[in-house]
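These notes are about the structure you will find just below.
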Protein chains: 2
Amino acid sequence: MNEIRIGGLRFSLDLSQPLYEQVLEQVRSSIAKGEIALGEKIPSVREMAQALKINPNTVMRAYQELERERLTETRRGQGTFITTDAARVQEIRNKLAEQAVEQFLAKMESLGFGLKDIESMIRAKGGVSQ
Amino acid sequence: MNEIRIGGLRFSLDLSQPLYEQVLEQVRSSIAKGEIALGEKIPSVREMAQALKINPNTVMRAYQELERERLTETRRGQGTFITTDAARVQEIRNKLAEQAVEQFLAKMESLGFGLKDIESMIRAKGGVSQ
DNA sequence: TAAGTGTATTATATCACTTAATACACTTAA
DNA sequence: TTAAGTGTATTAAGTGATATAATACACTTA
């Protein structure tokens with residue numbers, strides 16, 4: 001539970017993956033899930049770096065990718081804000097989900113599992129709500 | 001379609017992932033799927049390296065991991081052979097599938113998707129046989 | 001004007017991965 | 001016995017991604 005809370009966001013970083021990627025994915029998930037409101041300001045690069053105890057450049061790298069995906073808008077001198085474009089958020093959310101599904105099905109297929117197997121395994125594991 | 005065939009195995013390598021990991025996973029999948037018979041010999045380290053145009057050390061790394069997982073048995077001077085332990089193969093196959101399912105569900109949950117959503121997306125994508 | 005933003009640059013360090021070149025122990029077949 | 005083919009170990013080197021550090025600049029706001 002190495003969880004860090006800052007500006008309405010939750011982070012837990014480890015060494016299993018590049019830091020910038022973890023920051024990117026966790027902010028992105030928060031946006032996709034609607035845990036952080038559209039138009040809201042997220043912590044500044046320096047603030048985030050200090051809170052997560054990582055280098056500002058590493059945070060920058062994550063923030064720049066978020067902007068490239070148009071999930072955030074950055075205003076020089078003001079800060080970084082979640083986009084107000086709800087459609088864009090849904091677009092990204094669906095794209096990421098599709099990628100996850102494809103990748104998952106490919107993996108399962110490579111192990112020789114069929115659709116029926118996969119469905120029953122998911123139902124068995126299903127600790128997911130709804 | 002950068003596919004390479006050697007000793008009943010199919011490989012397609014790229015730069016998106018460590019080479020030794022790709023070799024490992026692709027041999028492992030072939031075993032799990034039963035595409036290569038139990039007890040069968042797989043190409044020698046040097047032979048495989050030459051065919052895939054990679055370094056013998058890189059192949060070694062993959063082969064050693066396969067042996068650690070007890071999916072292969074190596075006999076000095078003779079070669080590397082698929083295990084004859086069918087139960088072990090199923091064990092690994094199921095373990096990998098469980099991991100894939102867990103990781104997938106975690107990812108989907110992080111995007112705010114529930115079980116129903118997931119099931120319908122899988123049915124929609126389902127290009128998998130059976 | 002001062003403090004807080006995003007941004008860019010240069011340098012350095014570390015680590016995983018890969019290749020290369022050799023060498024050794026073992027097995028098998030000629 | 002010998003030669004060729006196995007797995008295995010070692011040492012060295014190069015490369016690229018990642019992360020840090022230090023600094024500077026442009027912009028905005030109070």
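The chains referred to below are lettered A, B, ... by the order of the sequence lines, with proteins before strands, and numbering in each begins at 1.
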### Task
Describe, as an angle rounded to 10 degrees, how the axis at the first end of the helix from C:dT1-D:dA30 to C:dA30-D:dT1 is tilted relative to the axis at the last end, five pairs per end.
10°

#### Entry: For the student: nearest non-hydrogen atoms of A:Gly7 and A:Ile36, plus distance
O-CD1, 4.4 Å

## Note on the structure
Shortest non-hydrogen pair, B:Lys107 vs A:Ala100, comes out as CG-CB, 4.0 Å

Can you name the salt bridge (Lys or Arg N to Asp or Glu O under 4.0 Å) partners of [X], sequence neighbours left out?
X	answer
B:Arg88	B:Glu91
B:Glu67	none
B:Arg28	B:Glu69

### Query
Can you list every side-chain hydrogen bond (donor to acceptor under 3.5 Å, both in side chains) pair that touches residues 39-51 of chain A, not counting sequence neighbours?
none

### Query
Can you list every pair that meets ring pair (Phe, Tyr, Trp, His ring centres under 6.0 Å) and has a residue in residues 84-108 of chain A, with sequence neighbours left out?
A:Phe104-B:Phe104

### Message
Using a strict heavy-atom distance below 4.0 Å, which residues from residues 45-63 of chain B are in contact with DNA chain C?
### Response
B:Arg46, B:Ile54, B:Asn55, B:Asn57, B:Thr58, B:Arg61

### Residue-level proximity of residues 19-32 of chain B to DNA chain C when a heavy atom falls under 4.0 Å
B:Leu19, B:Tyr20

### Task
Report the C-alpha separation of B:Arg93 and B:Lys33 in whole Å, then their side-chain angles, then the decisive distance to 0.1 Å, and conclude whether the side-chain contact (heavy atoms from CB on, under 4.5 Å) test is met.
CA-CA 8 Å; B:Arg93 179 173 181 253; B:Lys33 277 179 114 163; over 6 Å; no

### Task
Compute whether any side-chain donor of one residue and acceptor of the other, for B:Thr83 and B:Asp85, lie under 3.5 angstrom apart.
no

### Task
Report the C-alpha separation of A:Ile4 and A:Leu52 in whole Å, then their side-chain angles, then the decisive distance to 0.1 Å, and conclude whether the side-chain contact (heavy atoms from CB on, under 4.5 Å) test is met.
CA-CA 7 Å; A:Ile4 298 168; A:Leu52 301 181; 3.9 Å; yes

### Query
Along DNA chain C, 5' to 3', what are the outermost nucleotides having an atom less than 4.0 Å from a heavy atom of chain A?
C:dG4 to C:dT9

### Task
Could you go through the side-chain contact (heavy atoms from CB on, under 4.5 Å) check for A:Tyr63 and A:Val45 one step at a time?
CA-CA 8 Å; A:Tyr63 276 25; A:Val45 171; 3.9 Å; yes

### Message
Please check if the number of heavy atoms outside A:Gln103 that lie under 6.0 Å from its CD is greater than 12.
### Response
no

### Task
Using the test side-chain contact (heavy atoms from CB on, under 4.5 Å), find all partners of B:Thr58 that sit at least two apart in sequence or belong to another chain.
B:Leu19, B:Tyr20, B:Ile54, B:Asn55

## Note on the structure
A:Arg76 meets the side-chain contact (heavy atoms from CB on, under 4.5 Å) criterion, sequence neighbours left out, with none

### Query
Passes side-chain contact (heavy atoms from CB on, under 4.5 Å), B:Val23 versus B:Phe11? Steps please.
CA-CA 7 Å; B:Val23 173; B:Phe11 292 93; 4.2 Å; yes

Report each atom pair, protein N/O against N/O of nucleotides 28-30 of chain D, whose distance is under 3.5 angstrom.
none

